[in-house]
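Treat the numbers as computed from the prediction; the structure is a model and nothing was measured.
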Amino acid sequence: MICCQCPRNCGAERGEGRSGGVCAMGWAPVVARAALHFWEEPPISGTKGSGAVFFSGCSLRCVFCQNSVISQEGYGKAVSVERLREIFRRLVDQGAHNINLVTATHFAHAVIEALEESVPVPVVWNCGGYESVETLRQLEGKVQIYLPDLKYLDRDRAKRYSAAPDYPEVATAAIREMVRQTGPCVFDENGVLLRGVIIRHLLLPGGVREAKAVMDWVAETFPPEKVRFSLMSQYVPLGRAAEYPEINRPLRKSEIRSAQEYMTSLGIAGYAQDAEAASRDYVPDFDLTGV
């Protein structure tokens, strides 16, 4: 089948036994882990955990990806749509607050089919922000929570680190569509998110100016508390970061402090990680658990 699900619009011929495109995946969904996950933002993980399903492959090529073993090396196991439904049901039975679909963009066709049988908890679309508005519209009514990154507003950085110079305009358009679908954030009595959008930004070494630009865009685009913002300080040099000297180091405490103070000054509602979040210990074990 000719694929145009992501903004690459590469027209790759993906099918059974045939992989292609930037994502380098076939048509059947490939999953590397499906388990309760406690390391998302507090209203996603809650007290019982998020039912995270980690898909293999990715339409971005982020040189610093902490999940590169699955996003770029393709580790995982192909499953049927019915098996995907079974995975969702099992996570719900384990008490998951939600079904958290991590980097499922290139398998949107399978997710849409799997969700024809609705699940009794919210569905989270956890993505890099590089999404086609047309594909997102096919998810409307099936996804209640969007958890996109907004990695860059600078085209040069987007090209250098993710091979996607059009990322800024694509991601901002996608986020507007996500907010249109969900409306403002809605929480239950325990503070667990039921509906809405949380926009993430990973602070990179030397990236305070970029982080401030992203926060300015969020503050200028959406009314206070319509969305939530997550400033992430969990960066550690992984993937191919060693090939890029300017990001081949941990964050400085001064960088984290500067970005957090700017977030506070803007009055953006959301969450901020401390320096302790920067640890390889938070990278999940991609060992086919639950697959």
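Of all the heavy atoms in Pro120 and Val92, the pair that sits closest is CG-CG1, 3.7 Å. The shortest non-hydrogen separation linking Gly196 to Thr182 is CA-OG1, 3.5 Å. Residue His106 comes nearest to Ser56 through the heavy atom pair NE2-O, 2.6 Å, listed as atom of the first residue, atom of the second, then distance. Closest of all the heavy-atom pairs between Thr47 and His97 is N-NE2, 3.1 Å. The shortest heavy-atom contact between Arg61 and Ala24 is NH2-CB, 4.4 Å. The two atoms that bring Ser50 and Glu40 nearest to each other are CB-CG, 4.5 Å, heavy atoms only.
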Quiz prompt | Verdict with supporting geometry, Arg157 and Glu246, salt bridge (charged side-chain N to carboxylate O under 4.0 Å, His left out) | solution = CA-CA 12 Å; Arg157 289 170 67 85; Glu246 71 275 17; over 6 Å; no
Practice problem: In sequence, state the C-alpha distance, the side-chain angles, and the governing distance for Ser80 and Glu82, and then conclude on side-chain hydrogen bond (donor to acceptor under 3.5 Å, both in side chains). | Solution: CA-CA 5 Å; Ser80 66; Glu82 182 51 42; over 6 Å; no
Exercise. Tell me, with the steps shown, if Met25 and Phe55 meet side chain to side chain contact (heavy atoms under 4.5 Å, CB included).
Key: CA-CA 10 Å; Met25 286 285 121; Phe55 292 87; over 6 Å; no
Practice problem: May I have the step-by-step check of side chain to side chain contact (heavy atoms under 4.5 Å, CB included) for Phe222 and Ile199, ending in yes or no? | Solution: CA-CA 11 Å; Phe222 303 110; Ile199 301 168; 3.9 Å; yes
Exercise. Any chance you could lay out the salt bridge (charged side-chain N to carboxylate O under 4.0 Å, His left out) test for Arg228 and Glu41, step after step, and finish with the verdict?
Key: CA-CA 10 Å; Arg228 295 297 187 271; Glu41 286 75 7; over 6 Å; no
Practice problem: Mind running side-chain hydrogen bond (donor to acceptor under 3.5 Å, both in side chains) on Gln181 and Tyr146 for me, showing each step along the way? | Solution: CA-CA 9 Å; Gln181 289 185 23; Tyr146 284 99; 2.7 Å; yes
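Hydrophobic clustering, with ILVMFWY side chains joined whenever heavy atoms are under 4.5 angstrom apart, groups Ile112 together with Val123. Note on Leu202: it clusters hydrophobically with Val227, by side-chain heavy-atom contacts below 4.5 Å among ILVMFWY residues.
Note on ring orientation: taking the six-membered ring where Trp is involved, the planes of His201 and Phe229 are parallel (angle under 30°, cut-offs 30° and 60°). Between Trp27 and His109, the ring planes are parallel. Angles under 30° get that label, and only those over 60° would be called perpendicular. The aromatic rings of Tyr167 and Tyr130 sit parallel to each other, their planes meeting at less than 30°, with 60° as the upper class boundary.
Checked against the 6.0 Å centroid criterion, the rings of Tyr75 and Phe286 do not qualify as a close aromatic pair.
A side chain to side chain contact (heavy atoms under 4.5 Å, CB included) with Asn126 holds for exactly one of Ile198, Thr103, Leu101, Asn100; it is Asn100. In summary, of the residues considered (Leu193, Val124, Asn98), a side chain to side chain contact (heavy atoms under 4.5 Å, CB included) with Leu147 occurs for Val124 alone.
In the displayed structure, Arg90 atom CZ is contacted under 6.0 Å by more than 12 heavy atoms of other residues, nucleotides or ligands.
Between the side chain of Glu210 and the backbone N or O of Gly207 there is no donor-acceptor pair closer than 3.5 Å.
For the residue pair Gln5 and Ser132, no side-chain donor N or O sits within less than 3.5 Å of a side-chain acceptor on the partner.
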